[in-house]
Peer 1: 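One structure coming up, written as structure tokens, with questions to follow.
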Amino acid sequence: MANSSIALDRVFYALADPTRRAVLERLSRKPAPVSELAAPFDMALPSFMQHLNVLEDCGLARSHKAGRVRTYQIEPKALRAAEQWMVKHRAMWEARLDQLDDHLKKMKEANR
């Protein structure tokens, strides 16, 4: 349980950054080399590589090197874990809000 919680924390940490989300959005279309991924961002390549390392370390992306070109692709397994967590918690909060709605309706009817 603790390991899956730590892994999920790392995924949400990676997703919290707009640059990394933009990279994942781009990778959702097809794999891309580092130079193509870095092109839209106004930052030094070493700084951009730190973002790619975070994505790879938490399992959201993976890379392979062919010659001098490193290509990244999205890895959906870690995204599925985050999605499952959100779905579970959304269902819980929807149920609680439904209960609150029912309670408020009963209170309103009682005050008539």
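Start at 1 with the first residue, then count along the sequence. All values below were derived from every heavy atom in this structure, side-chain atoms included, with hydrogens, water molecules and symmetry-related copies excluded.
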Peer 1: Using the side-chain contact (heavy atoms from CB on, under 4.5 Å) rule, take R62 and Q73 through it: C-alpha gap first, then chi angles, then the decisive distance, then the call.
Peer 2: CA-CA 6 Å; R62 65 183 164 112; Q73 66 184 52; 2.7 Å; yes
Peer 1: Enter the distance from I74:CD1 to L55:CG here, rounded to the nearest 0.5 Å.
Peer 2: 9.0 Å
Peer 1: Quick one: is the NZ or CZ of R90 closer than 6.0 Å to the six-membered ring centre of W93, and within 45° of its axis?
Peer 2: no
Peer 1: Atom CZ in R10, atom OG in S5: separation rounded to 0.5 Å?
Peer 2: 12.0 Å
Peer 1: Keeping N111 on the side-chain end and M107 on the backbone end, is there a donor-acceptor pair under 3.5 Å?
Peer 2: yes
Peer 1: Sequence neighbours left out, cut at 3.5 Å: what donor-acceptor pairs do the side chains of residues 25-53 make with other protein atoms?
Peer 2:
| from | atom 1 | to | atom 2 | distance (Å) |
| --- | --- | --- | --- | --- |
| R26 | NE | E36 | OE2 | 3.4 |
| R26 | NH1 | K30 | O | 2.8 |
| R26 | NH2 | E36 | OE2 | 2.3 |
| S28 | OG | E25 | O | 2.5 |
| H51 | ND1 | R20 | NH1 | 3.1 |
| N53 | ND2 | M49 | O | 3.3 |

Peer 1: Less than 6.0 angstrom separating the ring centers of W85 and H89, yes or no?
Peer 2: yes
Peer 1: Please round to the nearest 0.5 Å and tell me the distance separating atom CG of L104 and atom CG of L100.
Peer 2: 4.5 Å
Peer 1: Mind checking the SG-CG spacing from C58 to L15? Nearest 0.5 Å is all I need.
Peer 2: 7.0 Å
Peer 1: Could you list who else is in V54's hydrophobic cluster, with ILVMFWY side chains joined at under 4.5 Å, directly or through other members?
Peer 2: Y13
Peer 1: Give the minimum heavy-atom separation between L8 and A82, together with the two atoms involved.
Peer 2: CD1-CA, 3.6 Å
Peer 1: For the side chain of R21 and the backbone of A16, is there at least one donor-acceptor N/O pair under 3.5 Å apart?
Peer 2: yes
Peer 1: Nearest 0.5 Å, what's the CD-OH distance between E56 and Y72?
Peer 2: 4.5 Å
Peer 1: Got a salt bridge between D101 and K105, using NZ or NE/NH1/NH2 to carboxylate O under 4.0 Å?
Peer 2: yes
